[in-house]
Amino acid sequence: MLNKIRKKQVDYTWPGFVDALSSLLMVIIFVLMIFVLSQFFLSQKMTGQDEALVELRNNLVELGELLSLERETTTELTSQLSILETKIVEVKKNLKNEKKLVAQFKEELAGQSNIISLSESEIKDLKEKLEIKIQDSFLLKNNLAELEKNINKKNSDINKKDETINANKAEINKLISASLKLRNKLSQLQTLLSAYKAKDKKERVKTVNIGKEMNSALARRVEELQKFKSDFFGRVRELIKGRKEIRIVGDRFVFQSEVLFKVGSDELGIKGQEEMSKLGITLMEIDKSLPTDIDWILQIDGHTDNLPVKKGQNYLDNWELSTKRALSVLRFLIKQGIKPNRLSASGYGSFQPIDQKNTNVARAKNRRIEMKITQSTKSK
């Protein structure tokens, strides 16, 4: 506090006083120099030099102006000095008051230091006790965390066991109900068997005759379907005579994709529509000559090459492209008048290639639409 008070005394008194004295000394020195110079010039040029006198008069006028300016500055400095003196008086009063406060603070500090010296030993004891309690609390927290983990594990194990017990109970109940149902069915079957044994002796002759009739009917249907297939193959062969892009592989007709579709497209082109319209006409003509109860299906399979699908196209992969191409052929044939229950479509992507080579020629062969006449598998 005393150091701060001393700093304040230096800041408020001496700098202003020194600045005022220095400015006054500078003014006096400046005036003396001008006076000496004027005397020198006057002694040199007293002999009838009017021009020099005019210059000297001008210099004197300037000196007078400078003196007036300096007087103004001196008046300002005197006013600042008076302000500084009043401030010095106020600072002295504040110093006296602060000295009194410092004395009071010293007395209070002396009393408090005695109290602190007495309580330091008690504080040390309290610190030691606190450290011991903190260590104990950490140990308790760790033990609690381990106990909570063990409790959670046990709860999870209990829940799992409860779930398994409930599942086992449900399975046991199901098995009991199923066994009861089976017993009832077995008793019913035994009664039925005894009744059927009696009837079986009478109806053996009838079943043998019915079986022969069914086999002959099935054989006729197979023969009719084979005739339909051969007729269909014959007519389609006549359509594709001399065309390399349409081939017969076994019991399938293979159309190259370039004939039916544009590159990267799943919509039938103009040539593809022409080919499919011819195929639809032949199918409809052959279907008219067959009995209505023969279930036949034209299976349409789409295949692609092993190149990945380019970005920006309307399908995700070759699976989707092959399926969409087969579906576009199917929908076109429906528009031509073929019934939807006579058609099926599927896509195989690039996973059933004709040619395993990784060449442009092999990939062109693998991009194809295959068609095959099959029998319906629906149950009657």
Side-chain angles (χ1 to χ4, degrees), residues 229 232-284 286-287 295-378:
K229 283 184 180 180
F232 177 71
F233 263 84
R235 294 195 185 185
V236 175
R237 276 175 184 166
E238 290 177 0
L239 287 173
I240 63 171
K241 276 183 181 179
R243 301 191 59 181
K244 295 179 181 179
E245 63 270 14
I246 303 170
R247 295 176 289 111
I248 296 170
V249 180
D251 59 347
R252 295 171 180 267
F253 291 96
V254 180
F255 293 81
Q256 294 306 126
S257 295
E258 284 76 6
V259 177
L260 305 176
F261 303 97
K262 293 181 181 179
V263 178
S265 176
D266 58 353
E267 293 182 0
L268 277 170
I270 296 167
K271 291 182 180 179
Q273 291 178 8
E274 291 176 357
E275 296 295 332
M276 291 299 109
S277 62
K278 292 176 184 178
L279 185 66
I281 291 163
T282 57
L283 279 171
M284 289 174 69
I286 296 167
D287 188 32
D295 291 328
W296 63 271
I297 289 175
L298 180 66
Q299 184 178 340
I300 304 162
D301 299 332
H303 300 269
T304 64
D305 56 18
N306 59 357
L307 294 176
V309 171
K310 294 180 181 179
K311 292 182 179 179
Q313 292 180 337
N314 295 323
Y315 36 85
L316 298 174
D317 50 18
N318 285 323
W319 283 105
E320 189 174 355
L321 176 60
S322 62
T323 306
K324 283 187 174 181
R325 283 182 170 177
L327 285 170
S328 64
V329 172
L330 182 144
R331 292 188 179 107
F332 185 81
L333 291 174
I334 290 169
K335 288 179 182 178
Q336 295 297 310
I338 297 170
K339 294 177 182 179
N341 61 346
R342 298 297 188 191
L343 299 170
S344 71
S346 58
Y348 294 92
S350 60
F351 298 100
Q352 290 188 8
I354 294 171
D355 196 339
Q356 299 286 341
K357 295 176 184 178
N358 193 13
T359 60
N360 292 326
V361 176
R363 283 192 286 269
K365 288 180 182 178
N366 294 327
R367 294 191 297 269
R368 67 198 188 277
I369 296 290
E370 293 185 357
M371 295 184 189
K372 178 183 177 182
I373 295 291
T374 61
Q375 191 171 3
S376 176
T377 57
K378 69 181 181 180

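Computation of the quantities below employed the complete heavy-atom set of this structure, encompassing side-chain atoms and omitting hydrogens, waters and symmetry-equivalent molecules. Nothing here was measured: the structure is a model prediction, and the numbers come from that model.
Across all non-hydrogen atoms, the minimal contact from S257 to R368 is OG-N, 3.1 Å. Looking at every heavy atom in both residues, I297 comes nearest to S344 through CG2-OG, 3.7 Å. Among all heavy-atom pairs drawn from G302 and A326, the shortest one is N-CB, 3.9 Å. Q273 approaches L268 most closely through the heavy-atom pair NE2-O, 3.5 Å. Shown here for G349 and S322, the closest heavy-atom pair between the two residues is N-OG, 3.0 Å.
With contacts defined as side-chain heavy-atom distances shorter than 4.5 Å, the pair V309/L316 does not qualify. The shortest side-chain heavy-atom distance between M371 and L298 falls under the 4.5 Å cut-off. Using a 4.5 Å heavy-atom threshold, the side chains of N306 and N358 count as touching. Looking at heavy atoms from C-beta onward, R252 lies in side-chain contact with D301 at the 4.5 angstrom threshold. By the 4.5 Å heavy-atom criterion applied to side chains, K271 and L260 are not counted as neighbours. By the 4.5 Å heavy-atom criterion applied to side chains, H303 and Q352 are counted as neighbours. Looking only at side-chain heavy atoms (C-beta outward), I369 and F261 come within less than 4.5 Å of each other. The side-chain heavy atoms of V361 and D355, taken from C-beta on, include no pair separated by under 4.5 Å.
The line from CG of N318 to OH of Y348 is 15.5 Å long, rounded to the nearest 0.5 Å. In this structure, CD on Q256 lies 8.5 Å from CG on N366, to the nearest 0.5 angstrom. Distance check: Q299 CD to I373 CD1 gives 10.0 Å after rounding to the nearest 0.5 Å. For the atom pair R342 CZ and M284 CE, the distance stands at 12.5 Å (nearest 0.5 Å). Atom CG of L283 sits about 14.5 Å away from atom NZ of K278, to the nearest 0.5 Å.
Proximity of the aromatic rings of F351 and W319 is defined here by a centroid distance below 6.0 angstrom, and this criterion is met.
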Give every donor-acceptor pair under 3.5 Å between a side-chain atom in residues 328-340 and any protein atom, sequence neighbours left out.
unit_1 : atom_1 : unit_2 : atom_2 : d
S328   : OG     : D266   : O      : 3.3
S328   : OG     : K324   : O      : 3.4
S328   : OG     : R325   : O      : 2.6

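Ion pairing between K372 and E370 fails under the 4.0 Å rule for side-chain N and carboxylate O.
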Inset, instruction - Mind running side-chain hydrogen bond (donor to acceptor under 3.5 Å, both in side chains) on R363 and N360 for me, showing each step along the way? - result: CA-CA 5 Å; R363 283 192 286 269; N360 292 326; 2.7 Å; yes
Legend entry - Derivation and outcome, salt bridge (charged side-chain N to carboxylate O under 4.0 Å, His left out), residues D305 and K365: CA-CA 8 Å; D305 56 18; K365 288 180 182 178; over 6 Å; no
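No more than 12 heavy atoms of other residues, nucleotides or ligands shown are found within 6.0 angstrom of CD on E267.
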